[in-house]
Enquirer: 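Handing you this structure, nothing more for now.
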Amino acid sequence: MSPVFAVGFGLYLLNLGVGLAAQLRLARFGVWHHLLYFAVFASTAAALFFTREIGLILTVVCLSAFPRARPRTWIHPTLGVLGLVGYLLSLKP
């Protein structure tokens with residue numbers, strides 16, 4: 001696993017945890033969640049560019065759709081899980 005891929009994947013998992021906590025109303029993150037989203041998007045795009053893993057295209061598409069998906073709707077967590085699938089498809093055994 002390349003370091004760029006590992007950073008992107010780690011940030012993605014962190015953002016999923018933050019999103020889950022927000023969805024369950026365990027915490028409020030405000031602007032930090034948006035800054036983390038930007039870092040996740042940038043690191044995932046970099047991972048796609050440097051590793052050329054085809055599964056990451058799904059993740060980038062899902063991340064691109066997030067600004068239009070309202071929080072606390074079914075589409076928001078669905079995009080998160082589909083983006084995770086893109087990362088999981090790109091993992092090498």
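Only this structure's heavy atoms are used, side chains among them; waters, hydrogens and symmetry mates stay out.
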Enquirer: Near I54 CD1, under 6.0 Å, is it more than 12 heavy atoms from other residues, nucleotides or ligands?
Expert: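 Counting other residues, nucleotides and ligands, CD1 of I54 stays at 12 neighbours or fewer.
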Enquirer: Is it true that F5 and V7 fall in one hydrophobic cluster, defined by side-chain heavy atoms closer than 4.5 Å?
Expert: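 Yes, F5 and V7 fall within the same hydrophobic cluster.
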Enquirer: Distance-only, no hydrogens or angles: does the T44 side chain make a donor-acceptor pair with backbone N or O of F41 under 3.5 Å?
Expert: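 The answer is no, because no donor-acceptor pair under 3.5 Å joins these two groups.
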Enquirer: Give a yes or no on whether L58 and L79 share a hydrophobic cluster (residues Ile, Leu, Val, Met, Phe, Trp, Tyr; joining criterion: side-chain heavy atoms under 4.5 Å apart).
Expert: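 Different clusters: L58 never reaches L79 through Ile, Leu, Val, Met, Phe, Trp or Tyr contacts under 4.5 Å.
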Enquirer: What's the separation between atom OH in Y12 and atom CG in L36, rounded to the nearest 0.5 Å?
Expert: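 Separation between the atoms: 11.5 Å.
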Enquirer: Specify the closest pair of heavy atoms between R70 and H76, including all atoms of both residues, with the distance to one decimal.
Expert: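 What the structure gives for the nearest pair is O-CB, 3.5 Å.
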Enquirer: Find out whether F49 and V4 are in side-chain contact, i.e. whether some heavy atom of one side chain is under 4.5 Å from a heavy atom of the other.
Expert: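 Side chain of F49 against side chain of V4, heavy atoms only: no contact under 4.5 Å found.
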Enquirer: How long is the span from the CG atom in L16 to the CG atom in L11, to the nearest 0.5 Å?
Expert: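 L16 atom CG to L11 atom CG measures 11.5 Å (nearest 0.5 Å).
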Enquirer: Could you tell me whether a side-chain N or O of Y37 sits under 3.5 Å from a main-chain N or O of F66, the two making a donor and an acceptor?
Expert: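 A pair under 3.5 Å: no.
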Enquirer: L13 and V85: same hydrophobic cluster, using ILVMFWY side-chain contacts below 4.5 Å?
Expert: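 Different hydrophobic clusters.
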Enquirer: Measure the spacing between SG of C62 and CD1 of I57 and express it to the nearest 0.5 Å.
Expert: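 Answer rounded to 0.5 Å: 12.0 Å.
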Enquirer: Is the charged tip of R52 near the ring of F50: under 6.0 Å from the six-membered ring centre and within 45° of its axis?
Expert: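 No, R52 does not sit over the ring of F50.
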Enquirer: Mind checking whether I75 and V18 sit in one hydrophobic cluster, side chains of I, L, V, M, F, W, Y counted as touching below 4.5 Å?
Expert: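 Shared cluster, yes.
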Enquirer: What is the distance from atom CG of L91 to atom CE of M1, rounded to the nearest 0.5 Å?
Expert: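 Separation between the atoms: 5.0 Å.
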Enquirer: Counting C-beta onward and ignoring hydrogens, is there a side-chain heavy-atom pair between L89 and E53 closer than 4.5 Å?
Expert: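 When only atoms from C-beta onward are counted, E53 and L89 do not touch, as no gap falls below 4.5 Å.
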Enquirer: If I compare all heavy atoms of S43 with all of G8, which pair ends up nearest, and what's the gap?
Expert: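 Shortest heavy-atom contact: OG-CA, 3.4 Å.
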Enquirer: Using a 4.5 Å cut-off on heavy atoms from C-beta on, say whether the side chain of L84 contacts that of F9.
Expert: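 A side-chain contact under 4.5 Å exists here.
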Enquirer: Give, for atom CG of L63 and atom CG of L48, the distance between the pair rounded to the nearest 0.5 Å.
Expert: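 Those atoms lie 11.0 Å apart.
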